[in-house]
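In what follows, every chain begins at residue 1, and chains take the letters A, B, ... in the order their sequences are listed.
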Amino acid sequence: MSDAADTGKLSREDRLYRIRHSTAHVMAEAVLREFPEAKIAIGPPIENGFYYDFDLPRSLTPDDLEKIEAHMRDIVAEKHPFEKTVISRDEARSQFSNQPYKLELLDAIPEGEEVSLYTVDSFVDLCRGPHVENTKEIHAKAFRLLNIAGAYWRGDEKRPMLQRIYGTAWESPKELRAHLDHLAEVEKRDHRKLGRELDLYSTHEEAGSGLIYWHPKGARIRLAIEEYWRKQHAAGGYEILYTPHVGKSWLWETSGHLDFYSEGMYPSMEMDNAEYYAKPMNCPFHILIYKTSMRSYRELPLRWAELGTVYRYERSGVLHGLLRVRGFTQDDAHIFCAPSQVEDEIHTVLKFSLDMLGAFGFTDIKAYLATRPEKSVGEEKDWNTAIESLRKAVEAAGLAYEVDEGGGAFYGPKIDLKLKDALGREWQMSTVQFDFNLPERFDMTFVDSDGREKRPFMVHRALLGSLERFFGVLIEHYGGAFPVWLAPVQAVVIPVAPAFDEYARTVKNALAETGIRVDADLRDSRMNAKIRDAQHQKIPYMLVVGGREEDERAVSIRMRTGDKKDGIALDEAVAFIGEKIRKREDI
RNA sequence: GCCAGGAUAGCUCAGCGGUAGAGCAGCUCACUCGUAAUGAGCAGGUCGUGGGUUCAAUUCCCACUUCUGGCUCCA
């Protein structure tokens, strides 16, 4: 038996699925050729490829990968069929008596479901399939083994650590080439690399890892982001708050963080016989402000935002550039409103989020709606109101969305927005999250129109997520070539020779007066070298000036794209760049 | 935290038992140039930290710190 059924009519996705899944099996056989005593675990197809986990007598080296790949090419060339057999559990148990991981997987197959084996050459695997019919459908030049990594059996850190081999597989060598090129592009855009090359930020292990130092150029970008953010928030009816970085244990006991989140917090510091903690979240502080006076329904909704820097303990192994850090600034806000206002508020906040992300060039956005989990707090009717308002809001926004049943936090349902960057990678940025826990814990109330005290709804939301992570994603999205309005240096004036330094200064001042971030490159080096440096720094506009320009009070504009505009009057150039900035165009 | 691999000049990397090398960047000098690198010279490193083995350690061994790729988690 094989998976012959009309393979010619399969979608590309299905064909790739079979190829990748089958290539994983071929790899497992190749590994067994090299290590006959290997214990095999699982080997599924994944996005762009596949992996297989093994328990091996020793650690793999890159040389092993080459050998395994060579075996794989042999197996593929030998044109073995993939044969499916349906067997009983007992038969399967004896078949895999030497393979403890397979036995465990076997036990996990629900009673009544068929147990199938796939055989290719000498390799038999417990597997649901489907597979290609024959290894000849795997193109010997369209797969590659990529890397070795440790992975816990079943993702559980209490279970054995296995060795995982990742590979990529495609229908044709051309597709493989394209994918490898894509990986090279990803590497080229790596924010850690660009962060150093463009002098944007650094980290200092001596001073603590996972903590970000924003250099002048990085800070210019951050300022541009924050400025836009504040302007939009003011227009959106938000008030800005500033709150402390530390709070006494009372605060975190009341909020419940010490009970449920302490492993994510920096340890305490003692002062005046009290324990202080660096804040992992801003919410308790905003609540304290809320509680400084009696709140009337007439005041609601209150929309309070803060660029609040929080500190969280992250395990050393997970830290990653700007994307995973221990200190970061959330673009946090809390909305306190009456139950009747929830729907409008959610609708508005979601639209706000899309507008904000859109301004930074992110328009491909998907929503994930997470509903009530088993263990949770709050009233059933409040959860339903909240979930309904979230659902209506995504639908009204015309967003594609998925529902993660039971995936919400214990304190409330949420919507996460994931965006796709220029390379098609998905990142989670925005989150809109209800909280039925904190209003209770802090006994928050408002006086309703009927004169009774009632509990307000509380919504946490972050649009950009954190400035650090957002910056990291932004760097990679633009590959360091920021749109003019964000570029740390928007224009650089380059004299063709030192004789024109004076005019270069004049040009620089003319731009700087209108608020354009401009430098004049007056170093003692040749114009060609200056242009090359400016290109590498991805500066949007290079204003080249020499005798011709000085005579006419003009400039020659060279864009970082290589386009050129000669003999542009200085006033016109200033207006042109100013317009690009105002319209937030790329260049 | 766990598995694996790294850590050599500001950056990118070579050297792998006899105490260090290149390119770029930096500095100095010369050159005064029209859209992606002008040339020459100089300077720069207790080879991540601490132990051990050895006549001798950047090189071999151990521990630690940290980075990278994953696992897990997440803004």
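- When RNA chain B is scanned in the 5' to 3' direction for atoms under 4.0 Å from non-hydrogen atoms of chain A, the outermost contacting nucleotides are B/rG1 to B/rA75.
- The aromatic ring centres of A/Trp427 and A/Phe362 sit 6.0 Å or more apart.
- Across every strand in view, B/rU72 sits unpaired, with no contact that passes the Watson-Crick or G-U test at under 3.5 angstrom.
- A/Asp55 comes within 4.0 angstrom of nothing in the nucleic acid, heavy atoms only.
- A/Arg303 places a side-chain heavy atom less than 4.5 Å from the side chain of A/Ile335.
- The residue A/Arg461 sits apart from the nucleic acid: no heavy atom pair falls under 4.0 Å.
- Nearest-nucleotide positions on RNA chain B place A/Leu162 closer to the 5' end than the other of A/Lys414 and A/Leu162.
- The separation of B/rG45 from B/rG51, taken at their C1' atoms, amounts to 23 Å, rounded to a whole angstrom.
- Between A/Ser466 and A/Arg154, it is A/Arg154 whose nearest contact on RNA chain B lies nearer the 5' terminus.
- The base-pairing partner of B/rC64, taking Watson-Crick or G-U wobble contacts with both distances under 3.5 Å, is B/rG48.
- The aromatic rings of A/Tyr201 and A/His191 lie parallel to each other, with less than 30° between the two planes, well short of the 60° mark.
- Between B/rC61 and B/rC71, the distance separating the two P atoms is 29 Å to the nearest Å.
- The distance between the ring centers of A/Phe54 and A/Phe35 does not fall below 6.0 angstrom.
- Nucleotides B/rA4 and B/rC62 are separated by 12 Å at their P atoms, to the nearest Å.
- Dense packing is recorded around CZ of A/Arg425, with more than 12 heavy atoms of other residues, nucleotides or ligands lying under 6.0 Å away.
- Residue A/His536 is in base contact, counting any heavy-atom pair closer than 4.0 Å across all strands shown.
- Counting non-hydrogen atoms under 4.0 angstrom, A/Tyr166 reaches the backbone sugars and phosphates but no base.
- Residue contacts for A/Ala529: at a heavy-atom cut-off of 4.0 Å it reaches the sugar-phosphate backbone alone, with no base atom in range.
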Problem - Intermediate values then yes/no, side-chain hydrogen bond (donor to acceptor under 3.5 Å, both in side chains), A/Ser202 and A/His215 - result: CA-CA 7 Å; A/Ser202 58; A/His215 294 198; 2.7 Å; yes
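- In summary, the side chains of A/Gln433 and A/His460 do not present any donor paired with an acceptor at a separation below 3.5 Å, with no hydrogens or angles considered.
- Note that the CG atom of A/Asp55 and the OH atom of A/Tyr101 stand 3.5 Å from one another [nearest 0.5 Å].
- To the nearest whole angstrom, the two P atoms, one in B/rG39 and one in B/rC24, are 9 Å apart.
- Base contact: A/Arg324 has a heavy atom under 4.0 Å from a base atom.
- Here, B/rU49 and B/rU65 have their P atoms 15 Å apart, quoted to the whole Å.
- RNA chain B is contacted by A/Val544, A/Gly546, A/Gly547, A/Arg548, A/Glu549 of residues 537-553 of chain A, taking any non-hydrogen atom closer than 4.0 Å.
- Using a 4.0 Å heavy-atom criterion, one finds that A/Phe471 contacts no nucleic acid atom at all.
- Nucleotides B/rU8 and B/rU58 have their P atoms positioned 15 Å apart, rounded to a whole Å.
- For the P atoms, the distance from B/rG10 to B/rG6 is 23 Å, rounded to whole Å.
- Contact annotation for A/Arg164: backbone-only contact, meaning every heavy-atom pair under 4.0 Å involves sugar-phosphate atoms and none involves a base.
- Between A/His334 and A/Phe336, the ring-plane angle classifies as parallel under the 30° and 60° cut-offs.
- Residue contacts shown for A/Gly155 are limited to sugar-phosphate atoms, with no base heavy atom under 4.0 Å away.
- Spacing of P atoms, B/rC11 relative to B/rC73, comes out at 35 Å, to the nearest Å.
- Within the nucleic acid shown, A/Glu468 has no heavy atom closer than 4.0 Å to any nucleic acid atom.
- Across all strands, A/Asp524 comes closer than 4.0 Å to base atoms (heavy-atom distances).
- Of the N and O atoms on the side chains of A/Asn282 and A/Gln330, at least one donor lies less than 3.5 Å from an acceptor on the other residue.
- Residue-level contact check: A/Thr61 touches neither bases nor backbone, having no heavy atom under 4.0 Å from any strand.
- Relative orientation of the A/Phe360 and A/Tyr228 rings is perpendicular, given thresholds of 30° and 60° on the angle between their planes.
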